[in-house]
Engineer: 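Here's a structure for you.
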Amino acid sequence: MRLRVEFTTEPFDLEEAPRHALVAREVIEAAELDAVDVGPFGNTAEGGADAVLTAVDALLRKALEAGATRVSLQVNVVGESAGAEGDR
């Protein structure tokens with residue numbers, strides 16, 4: 001199964017990216033995901049279910065530790081990858 005995660009962290013700062021936002025992006029960019037897209041108002045990534053769920057766990061923990069007061073996220077099933085290792 002493939003998943004797509006979309007997320008934002010708060011509080012926002014339009015002048016400079018807050019530490020929690022940078023940490024969250026680093027977590028997603030370092031994870032074994034593909035189709036990663038980071039931006040000022042939202043971030044998206046896709047990958048196998050295990051990889052996405054592991055990245056979401058790390059994202060939540062590290063962003064909150066770095067000062068996020070709110071993390072909004074949405075996880076969607078985007079397809080099946082029959083027989084792929086680690087995707088179940």
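Excluded from the calculations below are hydrogen atoms, water molecules and symmetry mates; all remaining heavy atoms, backbone and side chain alike, are included.
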Engineer: Of the non-hydrogen atoms in Ala55 and Ala31, which two are nearest, and what is the gap between them?
Structural biologist: CB-CB, 3.8 Å
Engineer: Among the clusters formed by ILVMFWY side chains lying less than 4.5 Å apart, do Val27 and Leu53 turn up in the same one?
Structural biologist: yes
Engineer: Looking only at heavy atoms, what is the nearest atom pair of Ala24 and Ala63, with distance?
Structural biologist: CB-CB, 4.3 Å
Engineer: Quick test of your reading: applying side chain to side chain donor-acceptor pair (under 3.5 Å), list the pairs with at least one residue in residues 56-68, sequence neighbours left out, ordered by first then second residue.
Structural biologist: Asp57-Arg61
Engineer: Between Ala45 and Ile28, what is the shortest heavy-atom contact and its length?
Structural biologist: CB-CG2, 3.8 Å
Engineer: Got Leu60 and Leu73 here, is their nearest side-chain heavy-atom distance under 4.5 Å?
Structural biologist: yes
Engineer: Return the minimal non-hydrogen interatomic distance between Leu33 and Gly47, and the atom names on each side.
Structural biologist: CD2-CA, 4.2 Å
Engineer: Shared ILVMFWY cluster between Val75 and Val38, side chains joined below 4.5 angstrom?
Structural biologist: yes
Engineer: Under 4.5 Å between side-chain heavy atoms, counting indirect links through other Ile/Leu/Val/Met/Phe/Trp/Tyr residues: same cluster for Leu59 and Leu22 or not?
Structural biologist: no
Engineer: Is any side-chain N of the basic residue among Arg2 and Asp34 closer than 4.0 Å to the acidic one's carboxylate O?
Structural biologist: yes
Engineer: Would a 4.5 Å heavy-atom cut-off, applied to side chains only, mark Leu3 and Val77 as touching?
Structural biologist: yes
Engineer: Could you tell me which residues satisfy side-chain contact (heavy atoms from CB on, under 4.5 Å) with Leu64, sequence neighbours excluded, listed by chain and number?
Structural biologist: Ala68, Val71
Engineer: Under 3.5 Å, side chain of Asp37 to main-chain N/O of Thr44, donor-acceptor pair present?
Structural biologist: no
Engineer: Search all heavy atoms of Glu46 against all heavy atoms of Val52 and return the closest pair with its distance.
Structural biologist: C-CG2, 4.2 Å
Engineer: Determine which pairs satisfy side chain to side chain donor-acceptor pair (under 3.5 Å) with at least one residue from residues 5-18, sequence neighbours left out, and list them in order.
Structural biologist: Thr9-His20
